[in-house]
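Down below is the structure, laid out as structure tokens.
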Amino acid sequence: MEIATQYQPQDVENKWYAFWLEHNLFASKPDGRKPFSIVIPPPNVTGVLHMGHMLNNTIQDILVRRARMLGFNAVWVPGTDHASIATEAKVVNFLKEQGIDKRDLTREEFLKYAWEWKEKYGGIILKQLRKLGASCDWNRTKFTMDPELSEGVIDVFVDLYNKGKIYRGVRMVNWDPKALTAVSDEEVVYQEVQSKLYYVRYKIEDSDNEYITIATTRPETILGDTAICMHPEDERYMHLKGKRAIVPIVNRSVPLIFDEYVEREFGTGALKVTPAHDINDYNLGQKYKLQTINIFNDNGTLNEAAQFLVGMDRFEARKAIIPLLEEAGALVKIEDYVNKVGYSERTHEVIEPKLSMQWFCNMEALAKPALEVVMNDTIKFYPDKFKNTYAHWMENVKDWCISRQLWWGHRIPAYYLPNNEFVVAKNIEEAFAIAKEKYPELNLQISDLKQDEDVLDTWFSSWLWPMSVFDGVRNPDNEEIKYYYPTATLITAPDIIFFWVARMIMAGLEYRGEVPFRHVYFKGTVRDKLHRKMSKQLGNSPDPLMLIDKFGADGVRLGMLLSSPAGNDLLFDEALCEQGRNFSNKIWNAFRLVKGWAVDGSLEQPEHCALAVKWFKMKFNEALKEIEDHFLKYRLSDALMTVYKLMWDDFCSWFLEMVKPAYQHPIDAKTYNDIIDIFDNLMKLLHPFMPFITEELWHGLRDRGENESIMLQTMPKYDPALSDEDFLSRFGEMQRVVESIRRVRSEKNIAQKNPVELCVLKPQGDSKMDSIIYKLCNVSEIKYVSEKQPQAFTFIEQNIEYFIPFGQNVNTEEEADKLKKELEYAEKFLQSVMKKLSNEKFVNGAPENIVALERKKQSDAEEKIRILKEQLARL
RNA sequence: GGGAGCAUAGCUCAGCUGGUUUAGAGCACCUGCCUUACAAGCAGGGGGUCACAAGUUCGAAUCUUGUUGUUCCCACCA
């Protein structure tokens, strides 16, 4: 059989993914087994795969594939999120490119375009996930605006409204003047910007020439000022109590108020108050019953109320107002200033605080039990440091603004009546029925009801995701939700802990009385190796599909995971994928080697092979224990590294070299079958990490049936009965002897093809272990001697002297130097041990076994020193 | 401004309730090898006063306190 020397992943990966789909191996239905479910954090329907998704979904796939092989009925539910702001913005831009303005469209027309756009471009990301090997049950693919999911969202809204948890009210909200919608506090990102601080003086009313100077970063809002505020204990302004000032340009008389909110040290200690356009000013306005003058239109231009610069954009107005202030003699000075400005996360537009009528969800009652389940570890966070962050937010939770002034999303099921009242109901018919009963005097027609124009915040559907994908909101007693809920593990990023994780917990407890997941694994941010976030502007974000093309999906999966402890950032470097690819190739070649051997059934199994098999099985078993422990703690990188070393070092470098038959010689059947068994188990162990190559090689190892897959095999399990400490330690000693012989060969330039003799200063040895030394080291003879050997390279293992005689060629000086170094080391070591042992307090105070250990160290070191000194003397 | 985390080899990280030699891994690096599975490889090697200081202890990378540096979260002083 011809097998290429280099592994070519492309064909293999496509072949097996198609095979898995064809045989429906990702599909799951409730049955008698224990469930293991994961719901995908739904990516934006318009999104394309980036490195963050790669990491996140690799982790999910590993957990799901492993669970399947551990005998769970595992399901991974895929889907996408409608992402109202992001998607609507994309559709608006798309239409603009075609010369269509959203404002010229009706809601229905726009939504028709949006759906068309979604059908055409949406869900690309799910196709891309297949390249990664994601074992999602694709038949279950959900979209947050699917009819049944939407129905659930509306049900929840109506229910919370009826419970009094949802209310409508005027509040200061974060307004995005580009998207023309309110956004939640969590969707605002603050950035430091270089700006200016303007000092402006206001004339004191009824005074000759008295002024008060304030400092502001937003002079254009002067047009909406309705007060000046100072600290009540500020000596400089005491005399102004009870007076009024004149706002420049508009010449409005406003009161001077005093409140402790003002920071005396900042600026002049006097603050202009614009209740309509600043959250703090708004609070002052409420407290002192100030007039509120809204000078902005929704798109951020100045309106009639401003009187001046009407129609101008807020940033233009900020410049244009300067000459007006100068003209009025009000501008005192301008300073450079660095301040923080809030931007909309989605549109990157500067947020404008705005008073508006919005819908809110009261969080207090929902938050309480949700905090508790995390604090008492009903839900476990990995790493658990995020409990702090979570607790802090939950304890200070504020009401959630859930309305968005958009069209793409779940429309709020509130229906307004001609008398300005409204009713909340699942649909217009129900609303009509309620309204008729409530207001018989209105003689209502159904056409009198006008539905609220706003849609719900995207997270108001996402928070139901672990329930809604199993239709558990609409239909809470169905078999699926009862079987799969709660899900096993949520894999997500810490930056959406409040947006999403916290709210899913609230919704789960509210609607099922049960947590939505047992564990939450927080992955880190994927950054480049210079610790910068991946971004389009920097161009430091590699295209995942190109990486897969270059290194294979298995290689990339490994690359993602090689350095990614939970909660730590992943510093991505293509070199990691290269390492993954190299590992694929290593496995591939191990396979080539094994498959290249001829098997001779008549041969006896040699001693060294029997021993090697015994050793590897034990080693494998030890590794299983370690790996199981790592998985329990979600230390996936460590689990992977354990498998990696088991495969590369123990299996390839040691085991295969030990059992490898001489060139063009056949191997005995017993050993061969053991090797195939071992290889088989290694593939199973590796499969969750590298699904493709393991499936390929698993099929290559033995004749498999047409429908067989490694996915359906049982994961090997740690067996405590198999471990034999004594054997492993004797084997380890032998390995160290082998390494020492190699070191001598390397240092003395003795080629592997030249056989050497090994003399051991010891009455007798372990012939079994010796058989391996013969096999690995090209040793012509191992002699047990009672005399030290002259003219030989020497080394010491476990205080036994070994000699490799080499005639006259020994450079005594060099050997002596080496021995001196070793001696020096041993003496220093002995000193440190003696320091401890000569300390009476240590000998009396420390536990016996620790002291005994130190005494053992002492005698070992003394013995070694004695041997070294003898050797030196002989030289 | 408030809070949390981190600081161990060139890089990324392990190191569990203090004691298994004088602190480990992977990558990178250096030396020698195209040896018959793999140069995407093999064999060998070098590299760290565990951020700093003090304390607790017979004993500290590990516990306490302080200092410095760094990251993240929350708040949002015009």
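Numbers restart at 1 for each chain; the letters A, B, ... are given by sequence-line order, proteins then strands.
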Could you name each residue pair satisfying salt bridge (charged side-chain N to carboxylate O under 4.0 Å, His left out) that touches residues 638-647 of chain A, not counting sequence neighbours?
A:R635-A:D638
Sequence neighbours left out, what pairs pass salt bridge (charged side-chain N to carboxylate O under 4.0 Å, His left out) with at least one residue falling in residues 266-284 of chain A?
A:D225-A:K272
For A:E263 and for A:E186, locate the closest nucleotide of RNA chain B by heavy-atom distance; then report the residue assigned to the nucleotide nearer the 5' terminus.
A:E186
Starting at the 5' end of RNA chain B and moving along, which residue's nearest nucleotide shows up first, A:Q798 or A:E265?
A:Q798
Scoring nucleotides 31-44 of chain B by protein non-hydrogen atoms under 4.0 Å (B base, S sugar-phosphate only, - none) yields -----BBB-BSSSS
Base-contact (B) and sugar-phosphate-only (S) positions in nucleotides 1-8 of chain B, heavy-atom cut-off under 4.0 Å, - elsewhere:
---SS---
Mind checking which stems touch RNA chain B? I mean at least 3 consecutive Watson-Crick or G-U pairs, both distances under 3.5 Å.
B:1-7 with B:68-74, B:10-13 with B:24-27, B:29-33 with B:41-45, B:51-55 with B:63-67
I'd like to check the salt bridge (Lys or Arg N to Asp or Glu O under 4.0 Å) partners of [X]; sequence neighbours left out, ordered by chain and number.
X	value
A:D185	A:K398
A:K857	A:E854
A:K856	A:D860
A:E186	A:R503

Is [X] touching bases, backbone alone, or none of the nucleic acid, heavy atoms closer than 4.0 Å?
X	result
A:R745	nothing
A:I850	base
A:V262	base
A:Y199	nothing
A:L271	base

Could you work out the separation of [N] and [M] based on their [atom1] atoms and round it to a whole Å?
N	M	atom1	answer
B:rC50	B:rA14	C1'	13 Å
B:rA9	B:rG24	C1'	10 Å
B:rC11	B:rC77	P	41 Å
B:rA25	B:rG46	P	12 Å
B:rG48	B:rC52	P	14 Å
B:rU68	B:rU31	C1'	41 Å
B:rA7	B:rU17	P	14 Å
B:rC42	B:rU35	P	14 Å

Which residues satisfy the side-chain contact (heavy atoms from CB on, under 4.5 Å) test with A:A227, sequence neighbours excluded?
A:P255, A:I257, A:V273, A:L290
If the condition is side-chain contact (heavy atoms from CB on, under 4.5 Å), which residues does A:K387 pass it with, not counting sequence neighbours?
A:V374, A:M375, A:D377, A:F381, A:D384
Rounded to the nearest 0.5 Å, the CG atom of A:L636 sits from the CZ atom of A:F631 at a distance of 5.5 Å
Distance test, side-chain N/O of A:Y190 to OP1/OP2 of B:rC74, below 4.0 Å
no
Side-chain N or O of A:Y644 less than 4.0 angstrom from OP1 or OP2 on B:rG26?
no
Looking at the side chain of A:K398, which of B:rU22, B:rG15, B:rA75 is the nearest nucleotide?
B:rA75
May A:W393 be described as stacking on the base of B:rC74, applying a 5.5 Å centroid limit and a 30° limit on plane angle?
no
May I have the distance from A:L197 (atom CG) to B:rC77 (atom C1'), rounded to whole angstrom?
10 Å
Would you call the rings of A:F266 and A:Y337 parallel, tilted or perpendicular if under 30° counts as parallel and over 60° as perpendicular?
perpendicular
Please report, to 0.1 Å, the donor-acceptor pairs under 3.5 Å made by any side chain of residues 647-654 of chain A, with sequence neighbours excluded.
{"from": "A:S653", "atom 1": "OG", "to": "A:W648", "atom 2": "O", "distance (Å)": "3.2"}

Counting only heavy atoms not in A:K625, do more than 12 fall under 6.0 Å of its NZ?
no
Please assess A:N283 against A:Y261 for the test side-chain hydrogen bond (donor to acceptor under 3.5 Å, both in side chains), listing each intermediate value before the final yes or no.
CA-CA 10 Å; A:N283 293 336; A:Y261 161 74; over 6 Å; no
